[in-house]
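Read the numbers this way: they start at 1 and go in the same order the structure lists the ligands and their atoms.
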Amino acid sequence: MKRDIISVLDMKDDFEAILADAAKMKKEPAKKGHKQEPLRGKVLGMVFEKPSLRTRISFELGIHQLGGKALYIGPDEVSIGKRESVSDVAQVLSRYVNAIMYRAFSNKVMRELATAASVPVINGLDDMEHPCQCAADLLTVLEKKGKLAGLNMAYVGDGNNVCNSLLLGCALTGMNMRVATPKDHRPNEEIVSKAQELAKSKDCAVEVLSNPFQAVEGADVIYTDTWVSMGQEKEREEREKLFLPYQVNDKLAEKASQDYIFMHCLPAHRGLEVSAEVMDGPHSVVFDQAENRTHAQKAILVAVLGK
Ligand code: CP
Ligand code: NVA
């Protein structure tokens, strides 16, 4: 049966193994015990409804390093659901490529495409989740802190797709997560419940608050993301005002553990969700995160296509 990665939960049973594999590929790209080109001859179709720097380049580079090839299909080329139905696009692409990476506006359309495709579908971001980002993020935490279980992550800002995936990823790996958002911008309720349920079995806690200082208290990791996700541009002005108390800056970070790391999936907006001093300061690991997209996704591609 094909394996789709639409949610972090689709890596529930082997998430830590995927992270370990990613770390191994990063450290020993060509050493014994790890086949150099396990995806030789495989083709990944990458369908984008929105712009991308990291997702596009890291997937393209990753599959190339594994011996395969990527095809970029931009928003104007397919126009999913407008020029052609989602189901027809999925079935046609399934005749050409071995897997589809899809960046979508809607999680509903993402799932529709995955249902109709006979090849694996990997979520390269939709309005609900960003699972590949989460894998790269937790690989980064593991590298910087040497462990995941028992650490405290504080996510401050908008309870968006990145936040949803982190909630699941932290719960799966035994990390405590505190989220602070304005009350109308909390993360998806169903995901919070799932994360809380998972957290119980992993002996960690998930809390959703509204006070950023409370969330950051004693944090090992402070994470934020844009206040205006792709597709929300019309709400920019209103959001930028509403979220201002949630800016990650030195004053907020004072509450964190002394050796906290600052994380952001990028693109970042200095002076909005993060101050320049934090973004460019000694605690920031944002470019390691960006690099780790390649390593994490190589492990995901092998898990989906290589066995
Ligand atoms: N973080 C991330 O997914 O970046 P892109 O939108 O540039 O792909
Ligand atoms: N939450 C952001 C993430 C960008 C990588 C968005 O959806 O635009």
Side-chain angles (χ1 to χ4, degrees), residues 5-8 22 44-63 70 72-75 100-110 122-141 153 155-169 179-182 184-188 191 221-236 239-240 242-243 246-248 262-270 272-274 279 284-298 300-301:
I5 308 281
I6 308 297
S7 163
V8 169
L44 176 71
M46 305 192 299
V47 181
F48 283 90
E49 286 180 4
K50 301 173 180 175
S52 170
L53 170 63
R54 283 145 289 271
T55 305
R56 177 182 177 177
I57 304 303
S58 57
F59 264 108
E60 191 156 340
L61 182 69
I63 193 145
Y72 172 77
I73 304 151
I100 299 168
M101 194 287 299
Y102 181 29
R103 167 163 286 193
F105 277 101
S106 143
N107 182 257
K108 189 168 161 274
V109 177
M110 173 72 67
I122 301 172
N123 183 351
L125 179 148
D126 62 25
D127 59 348
M128 187 65 76
E129 280 204 51
H130 198 358
C132 299
Q133 179 71 53
C134 176
D137 294 340
L138 295 190
L139 174 65
T140 310
V141 176
M153 173 170 305
Y155 179 99
V156 176
D158 187 17
N160 60 17
N161 42 9
V162 169
C163 177
N164 288 335
S165 284
L166 284 169
L167 278 163
L168 296 171
V179 176
T181 71
D184 292 335
H185 297 273
R186 291 156 76 97
N188 178 275
I191 290 190
V221 181
I222 306 179
Y223 201 117
T224 193
D225 183 19
T226 182
W227 297 335
V228 187
S229 283
M230 291 178 275
Q232 300 173 329
E233 290 77 6
K234 282 195 190 128
E235 301 167 33
R236 180 177 302 283
R239 283 176 164 266
E240 285 181 0
L242 177 72
F243 282 97
Y246 292 83
Q247 183 185 81
V248 176
F262 169 72
M263 303 185 78
H264 193 309
C265 62
L266 307 180
H269 309 84
R270 290 168 178 80
L272 292 173
E273 73 270 11
V274 59
M279 175 74 187
S284 177
V285 299
V286 301
F287 300 114
D288 297 291
Q289 277 174 269
E291 179 191 333
N292 281 340
R293 291 292 301 276
T294 304
H295 308 297
Q297 286 156 199
K298 280 170 77 176
I300 290 172
L301 284 166

### Message
Tell me the protein heavy atom at minimum distance from atom 7 (O) of ligand 2, and give that distance in Å.
### Response
Asn161 ND2, 2.9 Å

### Query
What protein heavy atom sits nearest atom 4 (C) of ligand 2, and how far off is it?
Leu125 CD1, 3.8 Å

Is any N or O atom of [X], backbone or side chain, closer than 3.5 Å to an N or O atom of ligand 2?
X      : answer
Arg103 : no
Val162 : no
Thr226 : no

### Query
Do Asp137 and Tyr223 meet the criterion of a side-chain donor-acceptor pair at a distance under 3.5 Å?
yes

### Message
For the residue pair Asn161 / Asp127, report whether a side-chain donor-acceptor contact shorter than 3.5 Å exists.
### Response
no

### Query
Would you say Val228 touches ligand 2, if touching means a heavy atom closer than 4.0 Å?
no

### Task
Sort out for me which residue in His295, Gln289, Glu291, Gln297 forms a side-chain hydrogen bond (donor to acceptor under 3.5 Å, both in side chains) with Arg293.
Gln297

### Side-chain donor or acceptor of Asp126 paired with backbone N/O of Ala104 under 3.5 Å
no

Could you pull out every N or O of ligand 1 that sits under 3.5 Å from a protein N or O, with the distance for each pair?
| from | atom 1 | to | atom 2 | distance (Å) |
| --- | --- | --- | --- | --- |
| ligand 1 | 1 (N) | Gln133 | OE1 | 3.0 |
| ligand 1 | 1 (N) | Cys265 | O | 2.9 |
| ligand 1 | 1 (N) | Leu266 | O | 2.9 |
| ligand 1 | 1 (N) | Arg293 | NH1 | 3.4 |
| ligand 1 | 3 (O) | Thr55 | OG1 | 3.0 |
| ligand 1 | 3 (O) | Arg103 | NH2 | 3.0 |
| ligand 1 | 3 (O) | His130 | NE2 | 2.8 |
| ligand 1 | 3 (O) | Arg293 | NH1 | 3.0 |
| ligand 1 | 4 (O) | Arg54 | NE | 2.8 |
| ligand 1 | 6 (O) | Arg103 | NH1 | 2.8 |
| ligand 1 | 6 (O) | Arg103 | NH2 | 3.4 |
| ligand 1 | 7 (O) | Leu53 | N | 2.6 |
| ligand 1 | 7 (O) | Arg54 | N | 3.0 |
| ligand 1 | 7 (O) | Arg54 | NE | 3.3 |
| ligand 1 | 7 (O) | Arg54 | NH2 | 3.0 |
| ligand 1 | 8 (O) | Ser52 | OG | 2.6 |
| ligand 1 | 8 (O) | Thr55 | N | 2.8 |
| ligand 1 | 8 (O) | Thr55 | OG1 | 2.7 |
| ligand 1 | 8 (O) | Arg103 | NH1 | 3.4 |
| ligand 1 | 8 (O) | Arg103 | NH2 | 3.2 |

### Query
Is the shortest distance from a Lys or Arg side-chain nitrogen in Arg239 or Asp158 to a carboxylate oxygen in the other one below 4.0 Å?
yes

